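Single-structure report; data block below.
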Amino acid sequence: MHRYEVKGKRLMQFKISNGKRLIYVLMFAFAFLLLTFDFSLAATAAAKHYTDLQLPALPAIKLPKYERFVLQNGMVVYLLEDHELPLVSGTALVRTGSRWEPAEKVGLAGLTGTVMRTGGTKKHSADELNEMLEQRAASVETSINEATGNADFEALSEDVETVFGLFAEVLREPVFAQEKLDLAKTQVKGGINRRNDDPNAIASREFKKLIYGQESPYARTVEYETLDRINRDDLVKFYQQYFHPNNIILGVVGDFDSKKMRSLIQSKLGNWQRNPKMTKPQLPEVSAAKVGGVFFVNQPQLTQSSVLLGHLGGKFDSPDYAALDVLNGVLNGFGGRLFNEVRSRQGLAYSVYGQWSPRFDYPGIFLAGGQTRSDATVQFVKSLQAEIKRTQAQPVTAKELAFAKESTLNSFVFNFQDPSQTLSRLMRYEYYGYPSDFLFRYQKAVAATTAADVQRVAKQYLKPENLVTLVVGNQTTIQPPLTGLAKQVMPIDVTIPGIQPQAQN
């Protein structure tokens, strides 16, 4: 009996002890919460709205030290040392491009740029090149786009002599192996076959044709027919026409000694004979193909519309480029007029944009557009038109101007994130004949832009009456119909020549 009494007392003491512990734990937790709550209140009281934050002025951006020289054969060379990582990379810009390929052989330039690398060289087959580069975690690539030819390499510092030698081989001695050309053509044909899979890709492709013209080098597309006309001799002739040292700008950046790199370049490329007859190719003429009009591509499988509207634009060297870029900031992005009005307030768009998009040496496009519900297509187009007109009629507010300028100037620093970006920019300015300090002139011009400048360029350069409108969507679900935009809506047939209709979307 005594044993049970003792046991009962101990049990009671245990319960009391546990009860006290529970009380202590609860008191501690309450004190902790109270303390945390006090700190939270203090933190909340001390926090500021992001618009009240005082940020230091952006530091001045300076170009890193670089070297520029010209080989006796006319090749321009830029060198920029960067010893942060044990890597070396380089780019050769070749004055060529698809805009100079024959109209009956569209696709020739792209194939030349591809097979120049994949086809091997006189000293090494494609497989040998691949193996040598893979063993060194290096790369050598070539391509030709609309306005430039490009050859690039990247290597570890310790392998730069070997890799640069292979890079020089590809530049100087490509063999354009027939089997690699056949493979490249098969891959291009696959791209042709799939080109109507993406409505945004359809819109972009067809809109260029409306602006520049079906046969313009800036809008024409490769077809099975033009591809079938291209043979190996065409690639060889295209290469021989443009790939000469006095038609190339070479830039190398990375972990190297400039004196040694200069010697390496001289040994691999210095004895490449210049072409004394090399002249700067004449640029294709550009004029507006369409001025106004509503065009439509019917894609019955779609549940939304891709919309583009715009007209022929201008070049980077326009004296008003900076003000036009500030205008882009007024229209675009979070806080821009199009986002605030068309997307947020009216709820018409999944995405919406509008921008003056220039080019270096030919007129670009003023382009606005986005994606919207099929049943909101007409209203979406009208809202875009209204906002474009509003930029002309209603001056930007001080808040809008400050937002646009700050966004533009704050993003300026990202043009110089690493030395390779700086070098690439210097090379492109020389390629297109722009001054080396063009970007800094632009920066100063943006800072000096006023609200009056923005409204002036909006009135001068935007042409609402000339807007070409293209819609890619489902005709049966676009209600109200596109005739609410124009009495005549012109259909565009995107059937791919050479493919049976049932094989297409």
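Small disclaimer: the values here were computed from a predicted structure and weren't measured.
With sequence neighbours left out, Arg194 forms a side-chain contact (heavy atoms from CB on, under 4.5 Å) with Asp197. Under the ring pair (Phe, Tyr, Trp, His ring centres under 6.0 Å) criterion, Tyr434 pairs with Phe360, Phe438, sequence neighbours left out. Under the side-chain hydrogen bond (donor to acceptor under 3.5 Å, both in side chains) criterion, Asp418 pairs with Ser420, not counting sequence neighbours. Partners of Phe238 by ring pair (Phe, Tyr, Trp, His ring centres under 6.0 Å), not counting sequence neighbours, listed by chain and number: Tyr242. Remark: Asp127 pairs with Ser125, Asn130 by the side-chain contact (heavy atoms from CB on, under 4.5 Å) rule, at least two apart or across chains. By the ring pair (Phe, Tyr, Trp, His ring centres under 6.0 Å) test, Tyr461 pairs with Trp356, sequence neighbours left out. Shown here are the side-chain hydrogen bond (donor to acceptor under 3.5 Å, both in side chains) partners of Tyr429, two or more places apart in sequence or in another chain: Arg425.
In summary, the side chains of Asn196 and Arg205 do present a donor paired with an acceptor at a separation below 3.5 Å, with no hydrogens or angles considered. No side-chain N or O of Tyr432 forms a donor-acceptor pair with one of Asp317 less than 3.5 Å apart. There is no side-chain donor-acceptor pair under 3.5 Å between Ser98 and Glu146. Side-chain atoms of Thr162 and Asp159 form no donor-acceptor pair, as typed in the model, at a separation below 3.5 Å. Between the side chains of Asp255 and His83, at least one donor N or O lies within less than 3.5 Å of an accepting N or O. Residues Asn200 and Gln371 have side chains that bring a donor and an acceptor to within less than 3.5 angstrom of each other. A side-chain donor from one of Tyr78 and Glu430 sits under 3.5 Å from a side-chain acceptor of the other.
Within the structure, salt bridge (Lys or Arg N to Asp or Glu O under 4.0 Å) pairs that include any residue of residues 163-183 comprise Lys123-Glu173 (at least two apart or interchain). Within the structure, side chain to side chain donor-acceptor pair (under 3.5 Å) contacts touching residues 87-96 (residues at least two apart or in different chains) are Thr91-Asp152. Pairs of residues two or more places apart, or lying in two chains, never qualify as ring-ring contact (aromatic ring centres under 6.0 Å, His included) while including a residue from residues 245-290. Judged as a ring-ring contact (aromatic ring centres under 6.0 Å, His included), not a single pair has a partner in residues 113-134 (not counting sequence neighbours).
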Checklist line | Step-by-step side chain to side chain contact (heavy atoms under 4.5 Å, CB included) determination, Leu470 to Ile492 | finding: CA-CA 9 Å; Leu470 173 65; Ile492 295 177; 3.8 Å; yes
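Using a cutoff of 4.0 Å between basic side-chain nitrogens and carboxylate oxygens, Arg229 and Glu225 are scored as salt-bridged. Ion pairing between a basic and an acidic side chain is recognised when a charged N comes within 4.0 Å of a carboxylate O; Glu223 and Arg195 show such pairing. Comment: Arg262 engages Glu67 in a salt bridge, judged by a side-chain N to carboxylate O separation of less than 4.0 angstrom. Salt bridge annotation for Lys189-Asp228: present, with a cationic side-chain nitrogen under 4.0 angstrom from a carboxylate oxygen. Ion pair Asp361/Lys315 not flagged as a salt bridge, since none of the NZ, NE, NH1 or NH2 atoms sits closer than 4.0 Å to an Asp/Glu carboxylate oxygen.
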Contacts under 3.5 angstrom, residues 276-285 side chains, donor-acceptor by atom type, not counting sequence neighbours:
none

